[in-house]
Amino acid sequence: MRPEMPRVKMQSTAKVGEVIQIKTKIRHPMETGWRKGGDGKAVPRNRITRFVCMFEDKEVLSADYDSGVSTDPYLLFYSKVMKGGTYTFRWEADGGQVFLASRPVTITNA
Amino acid sequence: MIIRPPEEYRLSRRQVLKLGGTVAAMAAIFGVFPSAARASPRKAKERLAELTNGAALQKGRIHITLPSLTQDGKRTRIEVAVDSPMTEEDHVKALHILAERNTVPDIATYHFSPLSGMTKIATRIRVAKSQTIIVAAEMSDGSIFYAKARCKVARGAGGCG
């Protein structure tokens with residue numbers, strides 16, 4: 001089994017009102033449940049179904065994934081920084097599996 | 001020495017052709033040739049109407065960056081940007097990405113908030129075959145914008161398909 005560590009790339013400092021870019025990637029097979037394995041049996045469904053990015057207690061972006069999202073889901077998005085705090089990222093997979101990551105942001109030249 | 005079957009058991013060329021035609025017709029009737037379980041443009045449209053509660057669709061405000069030809073339909077990079085000030089009063093609420101000819105049209109739905117600052121995402125999607133990708137954006141005032149982009153999937157180095 002491949003390691004399933006989420007990766008988040010973003011700047012750690014920002015100016016007030018700055019819109020920053022956030023790149024996230026997680027290793028996941030995103031198995032649709034339709035594919036047949038080497039033994040001819042269907043490979044059980046195993047997908048990330050939801051991704052949520054929160055800043056402190058507010059939602060920045062969330063996503064509902066269906067079968068059309070590629071293996072190792074990658075997502076680039078943006079967020080407006082109004083104050084310093086922590087971004088938390090959460091991936092929810094089939095079978096109740098949850099992957100978490102977090103990144104702090106501090107304000108410069110406020 | 002070649003042993004030939006007696007004349008009465010041999011099939012003429014005409015008979016062979018007739019037989020072939022009959023088999024093909026039977027196969028077509030009984031569905032021997034499997035038709036791939038894929039969504040159709042109509043199904044994608046219906047799904048879009050379901051997602052947007054049948055609201056009227058307007059063109060514009062969405063910019064899609066999608067390769068017109070890709071070698072790897074399993075991970076095709078798509079970028080979507082929506083023109084919006086992203087303020088509390090006027091922002092994009094949701095963004096739907098649908099594929100007309102994937103097994104299931106739904107690809108993903110993204111929910112934005114004013115904290116997003118900018119409605120721009122990039123991700124990788126599965127494009128099962130050459131088809132049109134539909135993107136629809138739900139605005140905070142309830143209006144819905146949509147845009148389409150074509151993507152051709154080349155199969156192997158031969159490039160047929």
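Below, chains carry the letters A, B, ... as their sequence lines are ordered, and counting in each starts from 1.
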When you measure from the side chain of B:Thr109 to the backbone of A:Asp64, do you find a donor-acceptor pair of N or O atoms at a distance under 3.5 Å? no
Hey, any chance B:Leu48 and B:Ile144 share a hydrophobic cluster, counting ILVMFWY side chains that come within less than 4.5 Å of each other, even indirectly? yes
Let me confirm one number: the SG-NE2 distance from A:Cys53 to B:His111, rounded to the nearest 0.5 Å. 14.0 Å
Are A:Trp34 and B:Val104 packed together at the side-chain level, in the sense that at least one heavy-atom pair is separated by less than 4.5 angstrom? yes
Same cluster (ILVMFWY, side-chain, under 4.5 Å), B:Ile134 and B:Ile78: no
If you count heavy-atom pairs under 4.5 Å with chain A, which of B:Ala94, B:Ser113, B:Ser116 comes out on top? B:Ser116
Start with the C-alpha distance between A:Tyr74 and B:Arg77, add both sets of side-chain angles, then the distance that settles side chain to side chain contact (heavy atoms under 4.5 Å, CB included), and finish with yes or no. CA-CA 9 Å; A:Tyr74 161 84; B:Arg77 187 185 165 94; 3.4 Å; yes
If you draw a 6.0 Å radius around CZ in B:Arg150, do more than 12 non-hydrogen atoms from other residues or ligands fall strictly inside? yes
Side chains of A:Leu76 and B:Thr123: closer than 4.5 Å at any heavy-atom pair? no
Just by distance, with hydrogens left out, do A:Thr71 and B:Arg126 show a side-chain donor and acceptor under 3.5 Å apart? yes
When the 4.5 angstrom heavy-atom criterion is applied to A:Lys25 and chain B, the contacting part is side chain
If Ile, Leu, Val, Met, Phe, Trp and Tyr residues are connected whenever their side-chain heavy atoms lie under 4.5 Å apart, and connections chain through other members, are A:Val81 and A:Val8 in the same group? yes
Using the side chain to side chain contact (heavy atoms under 4.5 Å, CB included) definition, which of the options A:Tyr65, A:Phe51, A:Phe77 pairs with B:Tyr110? A:Tyr65
For the CG atom of B:Leu115 and the NZ atom of A:Lys80, what is their distance to the nearest 0.5 Å? 9.5 Å
Under a 4.5 Å cutoff for heavy-atom pairs, which residue among A:Val19, A:Leu75, A:Ile22, A:Thr24 has the most contacts with chain B? A:Leu75
Do A:Gln21 and B:Lys120 make a side-chain contact, defined as non-hydrogen atoms from C-beta onward lying under 4.5 Å apart? no
With chain B, which of A:Val52, A:Asp66, A:Leu61 has the greatest number of heavy-atom pairs at distances under 4.5 Å? A:Asp66
Connected via hydrophobic side-chain network under 4.5 Å: B:Ile121 and A:Met54: no
Honestly curious: do B:Met118 and B:Val80 fall in one hydrophobic cluster under the side-chain, below-4.5 Å linking rule? no
Side chain from CB out, backbone as N, CA, C, O: work out which of these in A:Met30 comes under 4.5 Å of a heavy atom of chain B, or both, or neither. both
